[in-house]
Amino acid sequence: MAQKKRYTINVTEDIAEKFEELVEFYSMQKSAVMTLLIREDYEEKIQGKELEQKK
């Protein structure tokens, strides 16, 4: 099993409400939604940039 790290983040009330809506939308735990969002953003920005550089 992968080793896990614990993070604490501070967000505005507006962002917290939006995050709660995403948690409900995906019907997943908060940590799973955060992981999903980070993976999607990483793939879009970082891996996309790497592919662009290879061209």
Side-chain angles (χ1 to χ4, degrees):
M1 182 181 218
Q3 208 169 12
K4 296 182 180 181
K5 290 187 178 186
R6 182 175 295 261
Y7 290 92
T8 301
I9 60 170
N10 297 310
V11 296
T12 63
E13 189 68 31
D14 180 52
I15 296 298
E17 289 174 10
K18 290 176 181 178
F19 183 66
E20 292 291 336
E21 288 180 27
L22 286 173
V23 168
E24 286 183 35
F25 176 80
Y26 285 112
S27 299
M28 299 167 68
Q29 294 180 349
K30 290 177 184 174
S31 60
V33 172
M34 184 66 68
T35 300
L36 176 70
L37 295 173
I38 291 170
R39 282 186 181 157
E40 286 180 351
D41 198 55
Y42 179 87
E43 288 175 4
E44 180 182 314
K45 291 187 174 69
I46 305 300
Q47 288 185 344
K49 187 175 183 179
E50 289 173 356
L51 289 174
E52 207 173 274
Q53 289 176 348
K54 289 181 181 179
K55 289 181 180 179

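Since the structure is predicted, the reported quantities are computational estimates derived from the model, not experimental observations.
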- So which pairs with a foot in residues 30-43 pass salt bridge (Lys or Arg N to Asp or Glu O under 4.0 Å), sequence neighbours left out? E20-K30, D41-K45
- Message: With heavy-atom distances below 4.5 Å as the criterion, would you say the side chains of L37 and L22 are in contact?
- Response: yes
Identify each donor-acceptor pair in which a side-chain atom of residues 1-18 lies under 3.5 Å from a protein atom, sequence neighbours left out, and give them as a table.
residue: T12; atom: OG1; partner: I15; partner atom: N; Å: 3.3
residue: D14; atom: OD2; partner: K18; partner atom: NZ; Å: 3.3

- Query: With the 4.5 Å side-chain cut-off for hydrophobic clustering, are L36 and F25 part of the same group?
  - Reply: yes
